Enquirer: 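My structure is below; once you've seen it, I'll send some questions.
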There are 2 protein chains.
Amino acid sequence: MSCTGQYVPQLRARGYRMTPQRLVILHVLHHSKKHVSPSQVYELAKKDLPGLTEPTVYRTLEFLAENGLARSSQQKNGHIAYEIAGHEHHHLVCRVCGREAEVDHALLKSMYKKLESESGYQLTDSHLTFFGLCPRCQ
Amino acid sequence: MSCTGQYVPQLRARGYRMTPQRLVILHVLHHSKKHVSPSQVYELAKKDLPGLTEPTVYRTLEFLAENGLARSSQQKNGHIAYEIAGHEHHHLVCRVCGREAEVDHALLKSMYKKLESESGYQLTDSHLTFFGLCPRCQ
DNA sequence: TATGTTATTATAAAAACTTGCAATAAGGAA
DNA sequence: TTCCTTATTGCAAGTTTTTATAATAACATA
């Protein structure tokens with residue numbers, strides 16, 4: 001679980017603490033190839049930390065997302081799933097088969113700029129989920 | 001509640017039926033200025049149709065969204081709220097105060113085109129929620 | 001290392017949301 | 001109008017997510 005030690009300074013700097021629960025949840029996210037739901041995180045993390053509870057998982061995932069260590073994204077069913085924060089990207093999800101594609105943020109950068117200048121808002125969040133039909137399902 | 005009769009043909013054409021429950025829920029959405037949560041819809045609609053149940057509200061809202069009569073949008077708390085489908089637009093939500101701004105879809109149209117041609121996906125859904133800081137909260 | 005502050009957790013209970021299924025009723029056909 | 005098909009609903013029970021609060025433990029300080 002050494003891979004997750006890198007996150008400690010990010011928390012400390014903000015006055016937050018690193019705990020076994022946060023470590024184990026970061027570890028799960030770090031090693032998941034795809035998004036994982038809160039309940040999946042709970043099941044996986046529980047193996048390494050049996051005392052872990054569900055409310056803690058929900059709160060921790062939200063906490064990690066708020067602090068930029070994780071990223072939340074909307075699923076086809078409306079639920080939220082999480083992944084470790086890596087490079088900025090977005091998701092395309094097929095309404096029919098669920099197939100996902102990743103879109104680099106670079107593709108949307110100019111649109112973000114335009115949106116910010118027109119609205120006066122400063123966009124802090126940069127994960128979007130687009131729904132549509134994948135090439136196979138059209 | 002005559003204002004909602006306009007939606008009947010849209011359902012019939014797809015083989016679906018118009019029911020008192022759907023009418024009353026459409027009526028609520030039609031007359032709500034902002035997004036409403038499923039439980040808000042339930043409370044409001046129940047006044048006109050006392051027998052209405054919560055599962056029906058959830059199912060109906062999802063149904064209406066799937067069929068283009070309503071639009072769902074993610075809230076700051078991660079929950080989903082609904083509004084009547086009108087002109088295509090997106091939302092900007094302030095992370096701090098919750099203030100919302102509307103963005104016309106026209107502003108994103110070229111980005112959508114680019115996204116479609118690069119990914120091969122055909123984007124069916126066009127409601128996005130952007131999170132950030134509004135001018136007052138920056 | 002020992003101590004104090006306070007962020008974080010587990011617990012328990014509530015609220016929000018979903019699902020399966022039998023009963024109902026919308027609307028097409030006779 | 002009456003009958004029939006099947007989309008839709010209500011009910012009841014389940015699952016998921018949230019909230020309040022008291023107990024715990026991280027870590028700054030001495």
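Just the heavy atoms: all of them, side chains too, but no hydrogens, waters or symmetry mates, feed the values below. Sequence lines set the chain letters: A, B, ... in the order given, protein chains first and strands last, and positions in each chain run from 1. Nothing here was measured: the structure is a model prediction, and the numbers come from that model.
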Enquirer: Can you check the A:Y42 OH to D:dT16 P distance for me, whole Å?
Expert: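 Atom OH in A:Y42 sits about 11 Å away from atom P in D:dT16.
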Enquirer: With sugar-phosphate meaning primed atoms plus P, OP1 and OP2, does B:R59 contact a base, only sugar-phosphate, or nothing at under 4.0 Å between heavy atoms?
Expert: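 The residue B:R59 makes base contact.
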Enquirer: How many whole angstroms separate atom CG of B:L49 from atom P of C:dA25?
Expert: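 After rounding, the gap between these two atoms is 12 Å.
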Enquirer: Find which nucleotide of DNA chain D each of B:T53 and B:G15 is nearest to by heavy atoms, and output the residue with the more 5' nucleotide.
Expert: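 Looking at DNA chain D, the more 5' nearest nucleotide goes with B:G15.
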Enquirer: Using modelled atom types only, decide if a donor and an acceptor are shared between the side chain of A:R71 and the backbone of A:A65 within a distance under 3.5 Å.
Expert: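 Not a single qualifying donor-acceptor pair exists.
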Enquirer: Whole-Å distance between D:dT16 C1' and A:Q75 CD?
Expert: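 To the nearest whole Å, that distance equals 15 Å.
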Enquirer: In whole Å, I'd like the distance from the CZ atom of A:R22 to the C1' atom of C:dA7.
Expert: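 Atom-to-atom, A:R22 to C:dA7, this comes out as 7 Å.
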Enquirer: For A:P55 and B:I80, find the nucleotide of DNA chain C closest to each by heavy atoms; which residue's nucleotide sits nearer the 5' end?
Expert: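 By nearest-heavy-atom nucleotide position, the 5'-most residue is A:P55.
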Enquirer: Fit a plane to each ring of A:H91 and A:H89, take the angle between them on a 0 to 90° scale, and name the class: parallel (under 30°), tilted (30 to 60°) or perpendicular (over 60°).
Expert: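 Answer is perpendicular, since the angle exceeds 60°.
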Enquirer: Any side-chain N or O of B:T56 below 4.0 angstrom from OP1/OP2 of D:dG10?
Expert: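 B:T56 to D:dG10 OP1/OP2: side-chain N or O found under 4.0 Å.
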Enquirer: Output the rounded distance in Å from CG (B:L61) to P (D:dT9).
Expert: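 Checked: the CG to P distance equals 11 Å.
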Enquirer: How would nucleotides 24-30 of chain D be written as a contact map, 5' to 3', with B for base contact, S for sugar-phosphate-only contact and - for no contact, using protein heavy atoms under 4.0 Å?
Expert: -BBSS--
Enquirer: Answer yes if B:M18 and B:L52 sit in the same cluster of Ile, Leu, Val, Met, Phe, Trp and Tyr residues linked by side chain heavy atoms under 4.5 Å apart, and no otherwise.
Expert: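 Both belong to a single hydrophobic cluster.
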Enquirer: Measure CD/A:E54 against P/C:dA15 and give the value in whole Å, please.
Expert: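 These atoms are roughly 19 Å apart.
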Enquirer: Show your working on side-chain contact (heavy atoms from CB on, under 4.5 Å) between A:H127 and A:H105 and close with a plain yes or no.
Expert: CA-CA 8 Å; A:H127 185 282; A:H105 183 63; over 6 Å; no
Enquirer: Could you tell me how far apart B:Q40 (CD) and C:dA16 (C1') are, to the nearest whole angstrom?
Expert: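 One finds 13 Å between C1' of C:dA16 and CD of B:Q40, rounded.
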Enquirer: Is a side-chain N or O of B:E118 found less than 3.5 angstrom from the main chain of B:L115, in a donor-acceptor match?
Expert: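 Here the side-chain-to-backbone pair does not exist.
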Enquirer: Taking for each residue the nucleotide of DNA chain D bearing the nearest heavy atom, is the 5' side occupied by B:T60 or by A:Y58?
Expert: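 Its nearest nucleotide lies further toward 5', so the answer is B:T60.
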Enquirer: Provide, to the nearest angstrom, the distance between the CD atom belonging to B:E62 and the P atom belonging to D:dT8.
Expert: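 Roughly 13 Å, once rounded to whole Å.
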Enquirer: Do A:H30 and A:Y7 have side-chain N/O donor and acceptor atoms under 3.5 Å apart?
Expert: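 Side-chain D/A pair, A:H30 to A:Y7: present.
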Enquirer: OP1 or OP2 of D:dT17 sitting under 4.0 Å from any side-chain N/O of B:H79?
Expert: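 For B:H79, the contact criterion (side-chain N or O under 4.0 Å from OP1 or OP2 of D:dT17) is not met.
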Enquirer: Any side-chain donor paired with an acceptor under 3.5 Å for A:E102 and A:H90?
Expert: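 Short answer, no.
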